[in-house]
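Below is one structure, written out as structure tokens; the observations come after it.
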Protein chains: 4
Amino acid sequence: MRGRRRALTREEREKQILNEAIHVFARKGYAATSVNDIVESAGVSRGTFYHYFSCKEDIFLRIIDLYFENLTELLTKNSVRIKRAIFGGGAFLYAWLDYALEFFRFHRDNPQLTHIIYRQAMGQEASFSKRLSDYVLLSRHILASELRMLAERNLIIKCDYDVSAAFITGAALEIIVHYVSTDKDYDMERIAFELVRNQSRALATDLGEVDRILEKMERGLAIKPPTLQDMMAQVPRTGTQ
Amino acid sequence: MRGRRRALTREEREKQILNEAIHVFARKGYAATSVNDIVESAGVSRGTFYHYFSCKEDIFLRIIDLYFENLTELLTKNSVRIKRAIFGGGAFLYAWLDYALEFFRFHRDNPQLTHIIYRQAMGQEASFSKRLSDYVLLSRHILASELRMLAERNLIIKCDYDVSAAFITGAALEIIVHYVSTDKDYDMERIAFELVRNQSRALATDLGEVDRILEKMERGLAIKPPTLQDMMAQVPRTGTQ
Amino acid sequence: MRGRRRALTREEREKQILNEAIHVFARKGYAATSVNDIVESAGVSRGTFYHYFSCKEDIFLRIIDLYFENLTELLTKNSVRIKRAIFGGGAFLYAWLDYALEFFRFHRDNPQLTHIIYRQAMGQEASFSKRLSDYVLLSRHILASELRMLAERNLIIKCDYDVSAAFITGAALEIIVHYVSTDKDYDMERIAFELVRNQSRALATDLGEVDRILEKMERGLAIKPPTLQDMMAQVPRTGTQ
Amino acid sequence: MRGRRRALTREEREKQILNEAIHVFARKGYAATSVNDIVESAGVSRGTFYHYFSCKEDIFLRIIDLYFENLTELLTKNSVRIKRAIFGGGAFLYAWLDYALEFFRFHRDNPQLTHIIYRQAMGQEASFSKRLSDYVLLSRHILASELRMLAERNLIIKCDYDVSAAFITGAALEIIVHYVSTDKDYDMERIAFELVRNQSRALATDLGEVDRILEKMERGLAIKPPTLQDMMAQVPRTGTQ
DNA sequence: AATGAATGAGTGTTCATTCAT
DNA sequence: GATGAATGAACACTCATTCAT
């Protein structure tokens, strides 16, 4: 039984093992998952596993990295949008909703990763917590600086932006993890909207306008966010302020 | 060398071992903590440990129970206050702040417990997750029904109360765990106030009044909540009752 | 909870613990029975147990002794009868049947003891095997010397008496243990008769006479063995030979 | 220091460990034998043991199976001989003696196995007793049906065949285990002959013929059983076939 | 590159026994 | 005499990791 298997490239093989590991970890948890479980699931030998990953901890860290690389990409892309919307005027709420939607969708579409990151990675090995909190602080920092930017343009109130960023991510992840762990069906767009309503009201300077837009949004659910052009056209009056 | 040590009462010894276990679990995590670590730390023998706890899982579940019994007591006590405040009129914001303060203080004063519950208990043994999510759902349900009550009295907007409750607890715990895990000093009362502001604005029907009260609160930090008598005197006019 | 219990005499208490131990050992086996099981069953404390028995091995040896003391008494009593019968003439078959009956009844009436001795005592601690085989050899020796006596009077054939004694006890115990371990009903007298028939034919010098007596016995089942007087009267002709 | 030792094939290694285990179990008994004892004796690591056997119980059950597989093979082979002899006429006594000889030799040549099965396997784990009594009942059943066949041909008397089978196996094993456990020399052929004499007399219809053959047998010890051809030639007269 | 037999430190758990009260 | 809290050696078993093939 040696060398029989069709030669995959290093990358393919590594990807394959990583994917299986995600499934097994999500199902059984880090501690309860043995290397044996992973190699059995992936159909490779123990030796092969150690060709690609230096130890059990290593593959878990790679999974954490994978999650945050994808997440960071998403955040960065949306951060650009948010900035455009801000410069485009008050319609940033739509951008925000869009942002929230993508965030929720991302987790809904990666339930195993989500489960592993927020239910398993913390409180196990010190190395996981460290890696994780580095990433989390980074994400929160990005969000906090967006909030600062909004506050500077008087679109939201002055407050402790780091704390507010923590509130927003805490609120979002609480509900995301709740639904991801549950089998129940859920209207992810509705929940994204609820979060946007919640935090836009919480932080808005001009609540009247916010309420008006939210009302419109709610009517338009499933919500089509306006295109950038729409936004530009729609809200010229606020100016760049 | 058997049966030598001075016999404590069952309760004393159990309490002692439980306390040591809390420290060790908080420091090393459930999986990385061996029964040996606990008994060494407590200065008792392996056998003694198993007199009091049927297995490693058992002592961890007892810790989870301990946390939630204390928490439930706190929640129940404050729930009464909230209801009194509601029936007393608009001053419920003070009650809410008070509620938040106690919640934050409770966790600040039990950092190990907090860390164990929110960083370690989930995603390990299925029994932990089960126990934990039972409790969490219960707590959230209590909060949701308070929100409903407020909404019925038109003090807050209509919304999905369960989702909102999740937002609030998610936001609160995110920041609590952040600070508890950090060694940094932090002004717990400030953070409690930030949360109250955040969510009272997010949910308020009458934002003007809320903003006024919040401003007063903020000036008065460290915030003395008015006594019940004050509240009764202060706001008889709303009298929805 | 100290010293509350009605003071039994040493002997009563010891007897009580011993009895409970017999039940527990029979149910769970020596190795699987903990001292805890015994004291719980007896409703006494661990300490009390060690007042009466020096260790777990000790109580088991006491049980072995108990069995063999009772058995030896039975064997001795019957040995006398056999001898009387021999001197009384050919009617010793009745004595033998009687002997067998008592042997079978004894085990039927002490199923736990029987089970412990023949299913558990051997092959555990070396001390058990030693004690047991001492007793067994003794019993077998008694039987062998009875066979020798019969052979000398030409009532049975010349053979290796030790080996024959082993055959007889082996045959008897095989069927006894079989039925004791089973829940099935069984006609113990029938089986005793089968054994007597089997071995009296196997060893008889005068098969014709034996067959005649066996036939009579079988007709008379449930078999009333003749009294000693009957026997004396019935078979004077063979003389003391 | 891991994975260093030269790899044997699965079968070799398993066989090796099993053999060592037989020796250790026979010497110390099941309960008193630790897995450590076995692996030390076999010169392999703990881990290796668990590669081949799922638990301590498992290896013991495998030993029980090993014994009974060999025994069953022997019984089956001889059962055929017995049947041939029966159809060949009264010379079945020779077949029976042969049968007994092989049975006795088998146990003499496997003293550890014999000791484990009849001195240790019963009265320990329930699984052992179950397995064992299944096998024993099967063996006894085979013997009983042979007895029935003989009785139907009027070669032995009518009796309870199951009980008689129990007598025979009980008698045989009692003496076998006695001698196997002892260091004493013993003439196994003599004992086999004693058993055959004992039971052929006990069950014979025509004692006269049996006694004549036994006498011839005894003179011819070490007994050469006649070849099948001899038997065919010798006893054509009965010709039930 | 791939294999899987082998390793052994480490785990949770049991239980006969002791002895201060 | 009776108690039961305390002991700790011993156990069965696991699993991440190695390395000869």
Side-chain angles (χ1 to χ4, degrees), chain A residues 1-5 7-10 13 31-39 44-58, chain B residues 1-10 12-14 31-39 44-57, chain C residues 1-5 7-10 13 31-39 44-58, chain D residues 1-10 12-14 31-39 44-57:
Chain A
M1 285 287 178
R2 291 175 178 187
R4 200 75 57 79
R5 159 187 320 282
L8 270 58
T9 65
R10 272 201 76 86
R13 172 78 14 114
T33 297
S34 68
V35 171
N36 203 30
D37 292 330
I38 297 171
V39 301
V44 298
S45 73
R46 284 165 141 66
T48 301
F49 176 89
Y50 283 94
H51 271 303
Y52 292 95
F53 304 96
S54 67
C55 62
K56 191 183 158 192
E57 202 179 316
D58 179 40
Chain B
M1 291 291 170
R2 289 165 176 190
R4 208 61 59 80
R5 169 186 307 276
R6 142 126 180 65
L8 270 59
T9 66
R10 279 200 76 86
E12 288 168 334
R13 179 74 6 120
E14 186 179 317
T33 297
S34 70
V35 172
N36 210 22
D37 293 330
I38 296 171
V39 300
V44 300
S45 72
R46 278 169 142 63
T48 300
F49 176 89
Y50 283 96
H51 265 313
Y52 293 95
F53 304 96
S54 65
C55 61
K56 190 183 157 191
E57 200 180 318
Chain C
M1 284 287 177
R2 289 175 178 183
R4 200 75 56 81
R5 161 185 320 283
L8 271 58
T9 66
R10 272 200 76 86
R13 171 81 13 115
T33 297
S34 68
V35 172
N36 203 30
D37 292 331
I38 298 171
V39 300
V44 300
S45 73
R46 283 164 142 66
T48 301
F49 176 89
Y50 283 94
H51 270 304
Y52 291 95
F53 304 95
S54 67
C55 60
K56 190 182 158 191
E57 202 179 314
D58 179 41
Chain D
M1 290 292 172
R2 290 169 173 185
R4 209 61 61 81
R5 168 186 307 275
R6 142 124 180 66
L8 269 60
T9 65
R10 280 201 75 86
E12 288 168 336
R13 179 69 14 113
E14 184 179 318
T33 297
S34 70
V35 172
N36 209 21
D37 292 331
I38 297 171
V39 300
V44 298
S45 73
R46 278 169 143 63
T48 300
F49 176 89
Y50 285 96
H51 265 315
Y52 294 95
F53 305 96
S54 66
C55 60
K56 192 182 156 190
E57 200 178 318

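Everything quoted here is computed from the prediction, not taken from an experiment. So you know, we letter chains A, B, ... as the sequences are listed, proteins then strands, and number each from 1.
- The separation between C:Arg46 atom CZ and F:dA5 atom P is 9 Å, rounded to whole Å.
- Contact annotation for A:Thr48: base contact, defined as any heavy-atom pair under 4.0 Å involving a base atom.
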Completion exercise
Secondary structure of DNA chain E per the Watson-Crick/G-U criterion (both distances under 3.5 Å; [ ] crossing, | other strand, . unpaired) is .||||||||||||||||||||
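- If D:Cys55 and C:Gly47 are placed on DNA chain F by their nearest nucleotide, the residue sitting closer to the 5' end is C:Gly47.
- Between D:Phe53 atom CZ and F:dC13 atom P there is a gap of 13 Å when expressed in whole angstrom units.
- Among the atoms of the strands shown, only primed sugar atoms or phosphate atoms (P, OP1, OP2) are found under 4.0 Å from some heavy atom of C:Thr33.
- Comparing E:dA16, F:dA16, F:dT3 by their closest approach to the side chain of A:Tyr50 singles out F:dA16.
- In this model, the phosphate group of F:dA6 is approached by a side-chain N or O of B:Arg13 to a distance below 4.0 Å at OP1 or OP2.
- Rounding to the nearest 0.5 Å gives a distance of 7.5 Å between CZ of D:Arg10 and NE2 of D:His51.
- Atom CG of C:Asn36 and atom C1' of F:dA6 are 14 Å apart (whole Å).
- Note that CZ of D:Phe49 is 8.5 Å distant from OG of D:Ser54, once rounded to the nearest 0.5 Å.
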Practice task
Start with the C-alpha distance between D:Thr33 and D:Ile38, add both sets of side-chain angles, then the distance that settles side-chain contact (heavy atoms from CB on, under 4.5 Å), and finish with yes or no.
Solution key: CA-CA 8 Å; D:Thr33 297; D:Ile38 297 171; 3.8 Å; yes
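- When the nearest nucleotides of DNA chain E are assigned to B:Ala31 and D:Arg10 by heavy-atom distance, the more 5′-ward of the two goes with D:Arg10.
- If you check every strand for non-hydrogen atoms under 4.0 Å, B:Tyr52 touches sugar and phosphate atoms only.
- Considering only residues two or more places apart in sequence or on other chains, D:Glu14 meets the salt bridge (Lys or Arg N to Asp or Glu O under 4.0 Å) condition with D:Arg62.
- In this structure, D:Ser45 reaches the E:dT7 phosphate: one of its side-chain N or O atoms is under 4.0 Å from OP1 or OP2.
- One can place CD1 of A:Ile38 at 18 Å from C1' of E:dT3, the figure rounded to the nearest angstrom.
- In this structure, B:Phe49 places its CZ atom 17 Å from C1' of E:dC15, rounding to the nearest Å.
- One interatomic measurement links the two molecules: NE2 of B:His51 to C1' of E:dT17, which rounds to 11 Å at whole-angstrom precision.
- The distance between atom NZ of B:Lys56 and atom C1' of E:dG10, rounded to the nearest whole Å, is 12 Å.
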Practice task
Evaluate side-chain contact (heavy atoms from CB on, under 4.5 Å) for D:Phe53 paired with D:Val35, printing each intermediate quantity in order.
Solution key: CA-CA 11 Å; D:Phe53 305 96; D:Val35 172; over 6 Å; no
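- Mapping B:Ser54 and C:Glu57 onto DNA chain E by nearest heavy atom places B:Ser54 at the nucleotide closer to the 5' end.
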